[in-house]
Amino acid sequence: MRVPESLRGLGWELPHSFLGLDERAGDLDEAGVVILPVPYEATTSFGGGTGAGPGAILEASRYIELYDQELDTEPADVGIATLPALALTGAGPEAALGELRAAYDAVLEAAPGRFVVVLGGEHSISSAPMLSWADRLEGEGRRLSVLQIDAHTDLRAEYEGSPYSHASVMARVKDRVDIVAVGIRALTTDEMRLSRESGTIHLFLADDINRDETWIDDVVAKLGDDVYITFDVDGLDPSLVPSTGTPEPGGLLWYPVLRLLRRVFAERSVHGVDVVELAPIPGLAAPDFLVAKLIYKMIGYRFAGAAGR
Ligand SMILES: [Mn+2]
């Protein structure tokens, strides 16, 4: 409930919203950003626990400083509304993804023009917002570019019998969007062949990023004007985020990934973002905090232009 004015001065804990913002700072009709938690977990293959990801991100976010020294501003000033977690009840992943698509579209309709950040949950949920934006832009004759930060290409036609697995999420959208995948370091021979032959899937292997100083320019150049970012936290190095189902060595580090994101937000229209696959390890707060801060950095970059910087 909203704390009445007469009780505001008492020692309440921060609310369990993103950044612990109070209700006034985070009302949907005033906010520039909407946080949509989707704690969906059905097909994670190795280590489980992504269902607890959104809650851990929100909890950790309450301890983030609102001032961003890189941007010399408080990005939270745009207003960040946190919706309740979305319960997907459908019988099976296809029905659940249908529910998520309906919910995502409804949120965009209720809060037009807002920057919606989806918190997962397993990676399979990302196809719903990606296809929503692909449809929206296609109506205007434009094609969506997806910037995928990930250790894996997720291009398997199906995995463990399901075409809606986390390992198949990009296969579900590859015919509708251009894919620029960054940090890739675990894929099948078939996935590599498919990427090379496609013409619309560009892989930036972790191996190459570590050899080459110009990779950020090359990534930006491959992206079209209209971008959606799907950020699988296993794209980051497991020394930073061990809390994920399939931790692969050799991932992206904090400052390089921030440099990439800042460029992308500055030079392209980023319509939406999801951050998926955090599987919190009890007692290990640093990865949860890192992921929460990563989201706040993206919000800052998204609105940095609007603030005149
Ligand atoms: Mn992955």
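Just so we're clear, the structure is a prediction, and the values are computed from it rather than from any experiment. Each ligand, and each atom within it, is numbered from 1 in the order the structure gives.
Within the 4.5 Å cutoff, side-chain heavy atoms of Trp254 are placed close to those of Lys297. Residues Thr244 and Leu278 are not in side-chain contact: their nearest non-hydrogen atoms beyond the backbone lie 4.5 Å or more apart. Contact of the Asp178 side chain with the Val146 side chain is not registered, since no non-hydrogen atoms from C-beta on lie closer than 4.5 Å.
Here the angle centred on the Mn ion (ligand 1), running from OD1 of Asp234 over to OD2 of Asp232, is 90°, rounded to 10°.
Taking the six-membered ring for Trp and thresholds of 30 and 60 degrees, His271 and Trp133 have nearly parallel ring planes, at less than 30 degrees apart.
For the Mn ion (ligand 1), the nearest N, O or S atom contributed by His152 is named ND1.
The Mn ion (ligand 1) has no N, O or S atom of His166 closer than 2.8 Å. For the Mn ion (ligand 1), the set of nearby N, O or S atoms under 2.8 Å includes one belonging to Asp150.
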